[in-house]
Amino acid sequence: QVQLVESGGGLVQAGGSLRLSCAASGSIFSINDMVWYRQAPGKQRELVAVISRGGGTNYADFVKGRFTISRDNAKNTVYLQMNSLKPEDTAVYYCNAQGLTAISIRPRTVWGQGTQVTVSS
């Protein structure tokens, strides 16, 4: 059994910072890409940042220079450091593990349940 759990969301004022974590638990062998998505009420889910197993990163234009994605492969955990937060960053943030391999399962994508980030003005 494999689970992906986000944490670190909350309420912050504009200009503030939050650090999100997403930990994959279970008998995991490896994970390829780890990804952060977000979805605001009434809007479509959008990709925020991606990090490969080797550490290569890509960011959505609207977070470049403000957010940093990182990972700890030994802990099967991905992080999203969010600085200079804006009210428009308010959303539920979801983590995603792609190419996850574990005992008794084929490689697959696993989603977390999401963590709420609210940025006030």
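Residue numbers start at 1 and run along the sequence shown.
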Of all pairs that satisfy side chain to side chain donor-acceptor pair (under 3.5 Å), the ones with a partner from [range], not counting sequence neighbours:
range: residues 70-80; value: R71-N73
range: residues 10-26; value: S17-N83
range: residues 53-63; value: D61-K64

If you group Ile, Leu, Val, Met, Phe, Trp and Tyr by side-chain heavy-atom gaps below 4.5 Å, do [X] and [Y] land in one group?
X: I51; Y: V48; answer: yes
X: F62; Y: L20; answer: yes
X: L80; Y: V35; answer: no
X: Y37; Y: V117; answer: no

Heavy-atom closest contact ([X] atom, [Y] atom, distance):
X: M34; Y: A97; answer: CE-CB, 4.4 Å
X: V2; Y: A102; answer: CG2-CB, 3.9 Å
X: S121; Y: A14; answer: CA-CB, 4.4 Å
X: L85; Y: V12; answer: CD1-CG1, 3.5 Å

Tell me every residue that passes salt bridge (charged side-chain N to carboxylate O under 4.0 Å, His left out) with R66, counting only those two or more places apart in sequence or in another chain. D89

Kindly write out the residues that satisfy salt bridge (charged side-chain N to carboxylate O under 4.0 Å, His left out) with E46, not counting sequence neighbours, or none if the list is empty. R38

Rounded to the nearest 0.5 Å, how far apart are OG1 of T109 and CG of L100? 8.5 Å

Value rounded to 0.5 Å, distance of CG in N96 from CD in E6: 10.0 Å

Contact between [X] and [Y] at the side-chain level, heavy atoms closer than 4.5 Å - yes or no?
X: W36; Y: L47; answer: no
X: Y93; Y: Q39; answer: no
X: V5; Y: Q113; answer: no
X: I69; Y: V50; answer: no

T101 vs I28, side-chain contact (heavy atoms from CB on, under 4.5 Å): CA-CA, chis, key distance, verdict: CA-CA 6 Å; T101 59; I28 296 169; 5.8 Å; no

Can you classify the ring geometry of W111 versus Y94 as parallel (below 30°), tilted (30 to 60°) or perpendicular (above 60°)? perpendicular

So disulfide bond (SG atoms under 2.5 Å apart) across residues 70-104, not counting sequence neighbours, yields C22-C95

Would you check, one step at a time, whether the test side-chain hydrogen bond (donor to acceptor under 3.5 Å, both in side chains) holds for T90 with T118? CA-CA 5 Å; T90 296; T118 302; 5.3 Å; no

side-chain contact (heavy atoms from CB on, under 4.5 Å) between T115 and V92: does it pass, once the steps are laid out? CA-CA 5 Å; T115 185; V92 177; over 6 Å; no

